[in-house]
*Asks:* 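Take this structure, written in structure tokens, and hold onto it; I'll ask about it next.
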Amino acid sequence: VEHDKLISEEFYESLEDALITADVGADLSEETIAQLRREVEIDGITTCKEAYAYMKRILAHHLLIVSDPDDFPPKPWTLLVIGVNGVGKTTTIGKVAKEYRDLGRSVILAAADTFRAGATEQLRIWSDRTGCDFVGQHEGADAASVVFDGMEAAKGRGHDVMIIDTAGRLHNKKNLMTELDKIVRVLKKANPWTPNEVLLVLDGTTGQNAIAQAEAFNDIIKITGFVVTKLDGTAKGGVAINLTKRFGIPVRKIGVGEGIDDLQDFDPVQYVEAMFG
Amino acid sequence: ELSTRLESVINKFRGQSKITEENISEAMREVKRALLEADVNFKVVKEFTKSVQEKALGEDVLSSVTPGQFFIKIVHDELVKLMGGAQRKVEFEINRTNVILMAGLQGSGKTTATSKLALHYRKKGHRPLMVACDVHRPAAIDQLESLGKSLDIPVFSERGKGAVEIAKNGLVYAKREGYSLVIFDTAGRLHIDEEMMAELRDVYSAVNPDEVFFVADAMTGQEAVNVAAEFTKQVNCTGVILSKLDGDARGGAALSINKVLGVPLCFVGVGEKPDALEPFYPDRYASRILG
Ligand SMILES: Nc1nc2c(ncn2[C@@H]2O[C@H](COP(=O)(O)OP(=O)(O)OP(=O)(O)O)[C@@H](O)[C@H]2O)c(=O)[nH]1
Ligand SMILES: Nc1nc2c(ncn2[C@@H]2O[C@H](COP(=O)(O)OP(=O)(O)OP(=O)(O)O)[C@@H](O)[C@H]2O)c(=O)[nH]1
Ligand SMILES: [Mg+2]
Ligand SMILES: [Mg+2]
């Protein structure tokens, strides 16, 4: 995109191509360029440089949702982490646990992925790294019973925060989605205020399927926030813009690496800058 | 059973008796949308729609179908043709030590695919050994060992050593013990991570693989080609395994990887269990891409 030139049809085309390449999606890309054209006309913008800044502002605006979490969370503040397979749920929990631990909170991790090989061991390592309490069972155990054990332990030991790791599940598998419903019912039975936060973790390299994922998960449990991971790679995570706009749910955090400190608060302007940086 | 997108393509030809320059550009736009929604790389989409448009205008509509149906058939057939060159059956001789190296981004399904391949080839008469070369992800070795245990397929692992050393020792062990197939599971890594790509190159040199399978997640978006290109440039990928195809992601990434890089599709993962591995069928895949 040549910034010092005057706006032309080629400029709009190359912008639309850039959005599609960033996984923003064909429809939203077209809509964004249409909105840009309108604003350019109304404000009398002539240079590519100015138009480019306008476009970034339009995108950042799509990503801006202001929502405040509860002010007085009951103990334990319960965070449920869900998403399809391999997106980074377990790793994200390790990073989030570190954040709470740095704030002096006592945290318990519940290994409710009782299906996948090595899942409980993986979370246990993150628990050790962050000084959390831990609850888990053998492979093949009932996921909801781990959640129940976690609640009992959290209440009994007076933990401030409980984070629940769940098995990756493809959203088109009805029985796996029903299991999530069961987990929420077990939580609510123990404490009707929970879960306080439900984070849907999305892989930053995912294309348009992220929309189907968000729809299906949101149908089963009310999602309160997205986490977009693996943004340290070359994928731009443009699909997050579509999701925020469509569902009115904010992106809470972004994952930028495999290390314990590789989690950042979400900032719409920075996100869009990184997309086109 | 057509999707709404394809129905709208057919509708562009409603009331028309043949395919013309006018009605085709509208229809082509819908096809372009369908392919982009399926995460096909947008350069591949541009090239494909151009060649389909030329073909459709050059053919006479069969009298038994409407121009819309005829058009969809051309698009479908061109996709099958495009993917037809993509499939590749991978077989190994039983009386040698065959080596497979697994590679790909984080979380794409490599470790699971390792156990699936081991089971697949054991059923074909091989004696497989899995080698745990992921020394980065917490409990990665545990994961592979657990998979090996439930399948009764041995896993070579050495905690506390580096990936290259484990790979070398694993190969020596495999040859000594007479395994006919050794599959090296590696850590997920970014194609732009110089240190990790160097590790992969070193493992590659150490084990001299017969096949290097790039495992790609079916839901990968537009970056799929760039990622695969870098992996192929550094460790010559000989095949793609497309995982999580039991989801509803259309999987356009595989089409793009094959078209741009010429790397064929060898298997698709259709579930989390070890038997959830299938050969790749171009015709079924073409239908899936079109939605
Ligand atoms: N580069 C990078 N890798 C990440 C990030 N987050 C997670 N990963 C890696 O992605 C892979 C999968 O992470 P997991 O935490 O196991 O993902 P998961 O969603 O719990 O996976 P399942 O439980 O199997 O569904 C691991 O190799 C992680 O190290 C990130 O932000 N950046
Ligand atoms: N539904 C489904 N899940 C799959 C498939 N292949 C892998 N998975 C799941 O995807 C997640 C990630 O699989 P892994 O085998 O751990 O992925 P990986 O590439 O080894 O991950 P890293 O080593 O962290 O890079 C796990 O939850 C697997 O069970 C598949 O074909 N279908
Ligand atoms: Mg996990
Ligand atoms: Mg692995």
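Sequence lines set the chain letters: A, B, ... in the order given, protein chains first and strands last, and positions in each chain run from 1. Since this is a predicted model, take the numbers as computed values, not measurements.
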*Asks:* Select one option (side chain, backbone, both, neither) describing which atoms of A/Ala235 are under 4.5 Å from chain B's heavy atoms.
*Replies:* both
*Asks:* Would you give the length of the straight line joining atom CG of A/Asp203 to atom OG1 of B/Thr220, rounded to the nearest 0.5 angstrom?
*Replies:*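 Reported value, rounded in 0.5 Å steps: 7.5 Å.
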*Asks:* Please report the interatomic distance CG(A/Asp23) to CG(B/Asp39), rounded to the nearest 0.5 Å.
*Replies:*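 Here the interatomic distance stands at 6.5 Å.
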*Asks:* Taking all non-hydrogen atoms of both residues, which atom of B/Gly107 and which atom of A/Lys230 are closest, and how far apart?
*Replies:*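 Heavy atoms only, the tightest pair is CA-NZ, 4.1 Å.
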*Asks:* A/Asn209 and B/Asp248: side-chain donor and acceptor closer than 3.5 Å?
*Replies:*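 Indeed, the side chains of A/Asn209 and B/Asp248 share at least one donor-acceptor pair under 3.5 Å.
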*Asks:* Once you round to the nearest 0.5 Å, how far does CG of B/Asp142 lie from CD1 of A/Ile125?
*Replies:*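 Going from the CG atom of B/Asp142 to the CD1 atom of A/Ile125 covers 6.5 Å.
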*Asks:* Is chain B contacted by the side chain of A/Val84, its backbone, both, or neither, given a heavy-atom distance below 4.5 Å?
*Replies:*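 For A/Val84, the side chain is the part near chain B, not the backbone.
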*Asks:* Surrounding CZ of B/Arg29 (heavy atoms of other residues, nucleotides or ligands, distance under 6.0 Å), is the total greater than 12?
*Replies:* no
*Asks:* Is the NZ atom of A/Lys253 crowded by more than 12 outside heavy atoms at less than 6.0 Å?
*Replies:* yes
*Asks:* Between A/Asp17 and B/Lys46 (salt bridge meaning N to carboxylate O under 4.0 Å), is one present in this structure?
*Replies:* yes
*Asks:* Can you tell which of B/Ser146, B/Ser150, B/Gly252, B/Ala218 has the highest number of heavy-atom pairs within less than 4.5 Å of chain A?
*Replies:* B/Ser146
*Asks:* Looking at A/Asn175, I want to see if its CG is surrounded by more than 12 non-hydrogen atoms of other residues, nucleotides or ligands under 6.0 Å.
*Replies:* yes
*Asks:* Answer yes or no: is there a side-chain heavy-atom contact under 4.5 Å between B/Gln106 and A/Glu258?
*Replies:* yes
*Asks:* Using a 4.5 angstrom heavy-atom cutoff, name the option from B/Glu37, B/Glu272, B/Glu145 with the most pairs to chain A.
*Replies:*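 The answer is B/Glu272.
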*Asks:* Heavy-atom distance under 4.5 Å to chain A: side chain of B/Asp193, backbone, both or neither?
*Replies:* neither
*Asks:* The test is side-chain hydrogen bond (donor to acceptor under 3.5 Å, both in side chains); show your working for A/Thr21 and B/Gln222 and say whether it passes.
*Replies:* CA-CA 6 Å; A/Thr21 312; B/Gln222 292 289 318; 5.3 Å; no
*Asks:* Given the options A/Lys236, A/Gln213, A/Lys173, which has more heavy-atom pairs under 4.5 Å with chain B than any of the others?
*Replies:*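 Looking at each of A/Lys236, A/Gln213, A/Lys173 in turn, A/Lys173 comes out on top.
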*Asks:* Between A/Thr91 and B/Arg137, is there a side-chain heavy-atom distance shorter than 4.5 Å?
*Replies:*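 B/Arg137 vs A/Thr91: side chains apart.
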*Asks:* I'd like to check B/Gln143 versus A/Gln122 (side-chain heavy atoms, cut-off strictly below 4.5 Å). Are they in contact?
*Replies:*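 B/Gln143 vs A/Gln122: side chains apart.
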*Asks:* Sort A/Arg124 into side chain, backbone, both or neither according to what part of it lies under 4.5 angstrom from a heavy atom of chain B.
*Replies:*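 A/Arg124 has no heavy atom closer than 4.5 Å to chain B.
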*Asks:* At a heavy-atom separation under 4.5 Å, does B/Leu36 approach chain A through its side chain, its backbone, both, or neither?
*Replies:*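 Both backbone and side chain.
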*Asks:* Under 6.0 Å from the NZ atom of A/Lys56, do we count more than 12 heavy atoms belonging to anything else shown?
*Replies:* yes
*Asks:* CZ/B/Phe42 to CG/A/Leu19 distance, rounded to the nearest 0.5 angstrom?
*Replies:* 10.5 Å
*Asks:* I need the residue from A/His171, A/Glu139, A/Arg129 with the largest number of non-hydrogen atom pairs under 4.5 Å to chain B.
*Replies:* A/His171
*Asks:* Okay, side chain of A/Asn85, backbone of B/Lys244: is any donor-acceptor separation there less than 3.5 Å?
*Replies:* no
*Asks:* Answer with yes or no whether the side chains of A/Thr205 and B/Glu223 bring together a donor and an acceptor at under 3.5 Å.
*Replies:*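 No, no side-chain donor-acceptor pair sits under 3.5 Å.
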*Asks:* With rounding to the nearest 0.5 Å, note down the distance linking CG in B/Leu190 to CG in A/Asp232.
*Replies:*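 B/Leu190 CG to A/Asp232 CG: 5.0 Å, rounded to 0.5 Å.
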*Asks:* Chain A heavy atoms under 4.5 Å from B/Leu144: which part of the residue, side chain, backbone, both or neither?
*Replies:* neither
*Asks:* If you look at every heavy atom in A/Asn172 and B/Asp246, which pair is closest and at what distance?
*Replies:*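 Closest heavy-atom pair between A/Asn172 and B/Asp246: ND2-O, 2.9 Å.
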*Asks:* Are A/Glu121 and B/Pro138 close enough that some pair of their side-chain heavy atoms sits under 4.5 Å apart?
*Replies:*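 The answer is no; the side chains never approach within 4.5 Å.
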